[in-house]
Amino acid sequence: MHFELTEEHIAVRDAARDFAQAELLPGVIERDTEAKFPFEQIKKMGELGFMGMMVDPKYNGGGMDTISYVLAMEEISKIDASASVSMSVNNSLVCWGLEKYGTESQKEKYLKRLAAGEIIGAFCLSEPEAGSDATSQKTTAELRGDHYILNGTKNWITNGSSASVYLVIAQTDISKGHKGISAFIVEKGWDGFLIGKKEDKLGIRGSDTHSLMFTDVKVPVENRIGEEGFGFTFAMETLNGGRIGIAAQALGIASGAYELAVAYSKERKAFGKPISQHQAIQFKLADMATQIEAARLLVLKSAWLKDQGQDYAYASAMAKLYASEVAMNVTIEAVQVHGGYGYVKEYHVERLMRDAKITQIYEGTSEIQKIVISRSLLR
Ligand code: CAA
């Protein structure tokens, strides 16, 4: 068992760290306040290879392993979780799903541009009445010759207005339940496809989250991913990997807040000495560091299992469940360490605390992760 990163892993982590400091930190508070999507920054992330890290180089990807991806996700998330959720959705939901299950022509047409970061993608499963209960899809796709007619509404879609390509899950045969669900590639701008209102959110405010409306949208049969009826398995398998990305995001939010708390505690004096010399603060830092280290091990283990070609659904659910709890705990404590300064935007930790909450909700709530874990335990 090796607990050391390779030189390549360290280089990727350092490149992500440098990028986050140089390009994401400036303006992150303003983007949060104004709910402004980091367009320019995401474009640069694409140019540096962060948007298609694990994709085969023949499709313009970085050909890297999942360990490299989670290391980069952690560094980007320390600074800007709005940028990192776009990165996570593009890498582990959209690119992974297309590379694993897309046809060669779908890969040529869509994956190459997504992996190069020329365009970004969105993953559309959730609906107004189908969040955790993902089998209750109301969106329908009806086969009419060489195309499907897509109707329905999707909710809370990350990259909702900034994406160019949308992977949409829909019912093709309602009588078959989840075995009658299929997945499709839909392009922005197609007739009948409307981007709905932007959500005004507690956290990850720079991320553009929208509802999407499909009214009689014509989707060519060649844009179906896999066979008819494969869509639910497609969504579940894609989310198994997506949860590794979100776990790494949660880890980054926690470690970003922790690093700020350590630095602040060494500078801030109270009762004649830096607060880092008071045991009340030392114990908080010790708890934060221990939780972060445990979360990091779970995240790396799930990434490693995926790289080894082993079953990782259970490990990724555990990593996400635990890392998101740690993100919440650690960011709350980081605000506490900062006292009154922690409650104002300038010190970053209040934003990280708001950003942490979503990691317990999206890509499967903590309760859903417990279902995935316990079903796997009891199988
Ligand atoms: N991996 C692979 N297959 C899975 C799976 C998994 N993790 N979980 C379920 N399945 C398969 C089952 O094996 C079953 O297949 P068969 O019928 O062929 O055996 C099928 O899916 C149905 O499973 P269940 O009978 O267990 O269905 P269920 O309705 O009882 O529960 C669930 C399924 C696990 C709760 C599922 O609905 C779920 O994961 N819900 C959460 C959805 C979610 O994560 N949404 C996130 C939205 S995307 C997002 O947030 C992206 C973003 O923008 C950031």
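We're numbering straight along the sequence, starting at 1. Remember, it's 1-based here, ligands and their atoms both numbered in the order they're listed.
For atom 20 (C) of ligand 1, the nearest non-hydrogen atom of the protein is His178 NE2, 3.4 Å. Here the heavy atom of the protein found nearest to atom 52 (C) of ligand 1 is Thr158 OG1, 3.5 Å. Protein heavy atom at the shortest distance from atom 19 (O) of ligand 1 is Lys179 NZ, 4.5 Å. Of the protein's non-hydrogen atoms, Ile368 CD1, 3.8 Å is the one closest to atom 35 (C) of ligand 1. With hydrogens left out, the protein atom closest to atom 50 (O) of ligand 1 is Glu363 N, 2.8 Å, a heavy atom. Nearest protein heavy-atom neighbour of atom 8 (N) of ligand 1: Met236 SD, 3.7 Å. Protein heavy atom at the shortest distance from atom 41 (C) of ligand 1 is Ser132 O, 3.5 Å. Scanning the protein for heavy atoms near atom 26 (O) of ligand 1, the closest one is Arg375 NH1, 2.4 Å.
Below 3.5 Å of separation, one finds an N or O of Gly364 facing an N or O of ligand 1. Considering backbone and side-chain atoms alike, Tyr362 places every N or O at 3.5 Å or more from each N or O of ligand 1.
Less than 4.0 angstrom separates some heavy atom of Asn240 from each of these atoms of ligand 1: 1 (N), 2 (C), 6 (C), 7 (N). Every atom of ligand 1 is numbered from 1 in the order shown, and the set under 4.0 Å from a heavy atom of Thr135 is 29 (O).
The backbone N or O of Gly364 lies less than 3.5 Å from a partner atom in the side chain of Gln369, making a donor-acceptor pair. A donor-acceptor pair is defined here as one N or O able to donate and one able to accept, closer than 3.5 Å; no such pair exists between the side chain of Thr139 and the backbone of Ala170. Lys176 places no side-chain N or O within 3.5 Å of a backbone atom of Ile181 that could act as its donor or acceptor partner.
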Residues Glu108, Lys112; criterion salt bridge (charged side-chain N to carboxylate O under 4.0 Å, His left out); working and verdict: CA-CA 6 Å; Glu108 282 295 321; Lys112 278 187 160 179; 3.1 Å; yes

Side chain to side chain contact (heavy atoms under 4.5 Å, CB included) between Ser182 and Phe230, intermediate numbers included: CA-CA 5 Å; Ser182 306; Phe230 178 65; over 6 Å; no

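The presence of a protein heavy atom under 4.0 Å from atom 32 (C) of ligand 1 is ruled out. Using a 4.0 Å threshold on non-hydrogen atoms, atom 54 (C) of ligand 1 counts as touching the protein. Per-atom contact check: atom 13 (O) of ligand 1 does not touch the protein, criterion being a heavy-atom distance below 4.0 Å.
Looking at Ser126 against ligand 1, only its side chain comes within 4.0 Å, counting heavy atoms. Only the side chain of Leu239 comes within 4.0 Å of ligand 1, counting heavy atoms alone; its backbone N, CA, C and O stay farther away. Within the 4.0 Å heavy-atom criterion, neither part of Glu127 lies near ligand 1. The residue Ile371 has no part lying near ligand 1, judged by heavy-atom distances below 4.0 Å.
Below 30°, between 30° and 60°, or above 60°: for Phe50 and Phe19 the angle between ring planes is between 30° and 60°, a tilted geometry. Relative ring orientation between His338 and Tyr347 is described as perpendicular, the plane-to-plane angle rising above 60° on a 0-90° scale split at 30° and 60°. The aromatic rings of Phe234 and Tyr101 sit perpendicular, their planes meeting at an angle over 60°, well past the 30° parallel limit.
For Lys43, the NZ atom sits in a loose shell: 12 or fewer heavy atoms of surrounding residues, nucleotides or ligands are nearer than 6.0 Å.
Ring to ring, Phe193 and Tyr166 are close: their centroids are under 6.0 angstrom apart.
Remark: distances from the non-hydrogen atoms of Gly131 to ligand 1 include one below 4.0 Å.
Look at Glu187 and Lys109 and you find a salt bridge, because one of the NZ, NE, NH1 or NH2 atoms lies within 4.0 Å of a carboxylate O, short of that distance.
Listed here is the closest heavy atom pair of Phe123 and Ile157: O-CD1, 3.8 Å.
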